[in-house]
Amino acid sequence: MAAKMACAKSAQATFVFVVATGMLFEGVFEVNKLVIDGGIPLSGEIAVHGAKNSSLPLLAATILSGGECVLHNCPALSDVDAACKILSYLGCGIRREGSTVTVNTENLSHFDVPDDLMQEMRSSIVFLGAIAARLGRVRISFPGGCDLGARPIDLHLSALRQLGLDIREEHGYLNCVSDGRLKGSNISLSFPSVGATENIILAAATARGQTVINNAAQEPEIVDLAEFLNRCGAKIYGAGKSRIWIDGVETLYGSEHKVIPDRIVAVTYLCCAAVTGGEVQLLHTRPDDIGSVLPVLEEMGCMIRCSDDTIFLKAPKRLNGGGTIRTMPYPGFPTDAQAPLMALSTLSDSTTVFVENIFENRFRHAGELIRMGANIRTEGKIAVVQGVPSLYGASVQATDLRGGAALIIAGLAAQGKTIISNMCHVQRGYEDIEGNLKAMGAQVYWTD
Ligand code: UD1
């Protein structure tokens with residue numbers, strides 16, 4: 001089912017699934033609008049769940065092991081379900097117990113990923129490198145544009161070609177075949193693309209010889225992927241730095257791994273507390289992973305205290321402006337945190353300027369925030385937010401995952417009722433958002 005159709009479908013507050021080999025995840029979510037009665041200062045503790053953006057490449061990486069892998073702290077999200085559906089289609093056995101997902105990739109019986117499964121999430125492109133490494137043959141559909149604008153995969157394709165994969169683009173499909181094992185290569189990325197770096201690591205882990213990635217992405221999710229693969233017997237060095245070396249090994253084996261905490265979920269809940277003049281203690285988080293965001297929150301007047309795995313935030317009476325925020329590859333300010341911070345800045349006492357350097361169409365939430373009384377002007381990759389004293393509730397639409405999170409943040413502070421439709425976008429990346437907000441004292445509920 002295509003992403004847009006999945007969104008027409010609804011979401012349910014609770015989800016239940018235990019999947020045996022070959023069984024698909026079905027009808028996981030069933031209501032689609034979130035109602036927020038705003039204006040209540042939030043206060044409480046939130047345990048941050050595992051990172052979506054790590055879980056997806058990790059699930060793809062299990063393919064390389066050819067055995068049983070156990071992933072702990074794997075969040076129950078519709079995007080994770082989509083990755084599990086792909087694994088299931090490929091012939092893997094999958095079982096979820098709580099936040100632990102066990103994948104057995106011994107019997108991989110397909111080398112293709114059907115178009116409807118590919119379209120469920122953009123990150124499915126990481127299956128390209130993983131399947132190519134394991135089977136030497138892949139057929140997947142070409143991922144189209146998405147709600148953040150055009151999302152090309154030229155860097156993925158040229159790197160995989162350098163590793164010896166013959167890729168033909170035919171009728172919207174990528175038909176790929178290699179001459180046996182892939183071959184190590186020296187690859188220089190013109191931009192430190194996260195997805196391309198992941199695909200190269202996956203393809204090179206079992207390639208013949210050494211691969212070097214220059215200008216590699218340095219995101220924590222890259223480090224997590226490399227650590228998992230190294231536990232499976234890979235030899236990957238330098239992950240988290242701009243040059244990564246991979247000494248290809250002949251085979252990998254199954255292993256166990258704990259997914260890192262989701263840094264954008266952490267930012268989102270910090271913003272929820274900050275926007276309402278409240279306070280929050282985040283547990284199971286890693287402050288270092290959002291080292292570029294915490295100083296902005298402090299500049300806006302929030303008091304922040306961190307330990308190794310907790311973050312406490314107390315909001316000021318009125319937020320200051322956030323200055324100029326430029327999204328950059330890690331360790332810069334994350335593009336995924338731009339929308340949540342924009343929602344926060346709408347209520348500050350001055351101006352905040354956002355420069356979106358990663359995606360071309362990532363201000364669609366601004367229009368919805370304006371419907372709630374925000375003062376925002378956008379032009380190309382720049383958005384100028386002039387803080388207002390208050391927002392008002394309105395019927396708004398989640399335009400994408402983080403844009404939806406921004407509307408929740410705004411709705412929590414707005415006077416009156418905010419009704420957010422298309423919540424399926426938000427469910428791609430936030431586990432039990434309603435339950436977590438309620439636990440902090442928010443008045444929030446699902447409706448049809
Ligand atoms: C991006 C984010 C990542 C975030 C993820 C989910 C960056 C650098 N990446 O990763 O942190 O977790 O979204 O929201 O912030 N590009 C090309 N050709 C390619 C691949 C990418 O031109 O083959 C361009 C994209 O159009 C975009 C930029 O590179 O402008 C970043 O892309 P990339 O890092 O690959 O995106 P994701 O992997 O989706």
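First listed ligand is number 1; within each ligand, the first listed atom is number 1.
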Which of the atoms of ligand 1 are close to [X], meaning less than 4.0 Å from one of its heavy atoms?
{"X": "T335", "value": "15 (O)"}
{"X": "F359", "value": "1 (C), 13 (O), 27 (C), 36 (O)"}
{"X": "F191", "value": "8 (C), 28 (C), 29 (O), 31 (C)"}
{"X": "G195", "value": "35 (O), 38 (O)"}
{"X": "N53", "value": "6 (C), 12 (O)"}

- Within-shell test, P334 vs ligand 1, heavy atom, strictly < 4.0 Å: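 Contact check P334 vs ligand 1: negative.
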- Query: Does a sphere of radius 6.0 Å around CG in N186 hold more than 12 heavy atoms from other residues, nucleotides or ligands, not counting ones at 6.0 Å or beyond?
  - Reply: yes
- Look at atom CZ of R377 and say whether more than 12 heavy atoms of other residues, nucleotides or ligands are closer to it than 6.0 Å. no
Looking at non-hydrogen atoms alone, which of [options] comes nearest to [atom]?
{"atom": "atom 18 (N) of ligand 1", "options": "L189, V126, D154", "answer": "D154"}
{"atom": "atom 17 (C) of ligand 1", "options": "S54, P152, P57", "answer": "P152"}
{"atom": "atom 5 (C) of ligand 1", "options": "V194, D336, N357, I153", "answer": "D336"}

- Query: Can you check side chain to side chain contact (heavy atoms under 4.5 Å, CB included) on N357 and R326, steps first, answer last?
  - Reply: CA-CA 7 Å; N357 290 310; R326 297 177 180 82; 3.8 Å; yes
- Counting heavy atoms only, which part of E219 comes closer than 4.0 Å to ligand 1: side chain, backbone, both or neither? side chain
- Quick one: side chain to side chain donor-acceptor pair (under 3.5 Å) partners of S307, sequence neighbours excluded?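 For S307, the residues satisfying side chain to side chain donor-acceptor pair (under 3.5 Å) (neighbours in sequence not counted) are T310.
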- Item | Contacts of R243 that satisfy side chain to side chain donor-acceptor pair (under 3.5 Å) - sequence neighbours left out |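 If we apply the side chain to side chain donor-acceptor pair (under 3.5 Å) test to R243, skipping adjacent residues, the hits are N214.
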- Message: Could you check whether D112 and Y89, counting side-chain N and O atoms only, form a donor-acceptor pair closer than 3.5 Å?
- Response: yes
- Query: In terms of side-chain heavy atoms, does Q338 have a donor or acceptor partner in T327 at a distance below 3.5 Å?
  - Reply: no
- Task: Say whether A196, considering both its backbone and side-chain N or O atoms, lies within less than 3.5 Å of an N or O atom on ligand 1.
- Result: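 There is no such contact.
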- Query: Ion pair present between E434 and K438, side-chain N to carboxylate O less than 4.0 angstrom?
  - Reply: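 Yes, charged N to carboxylate O under 4.0 Å.
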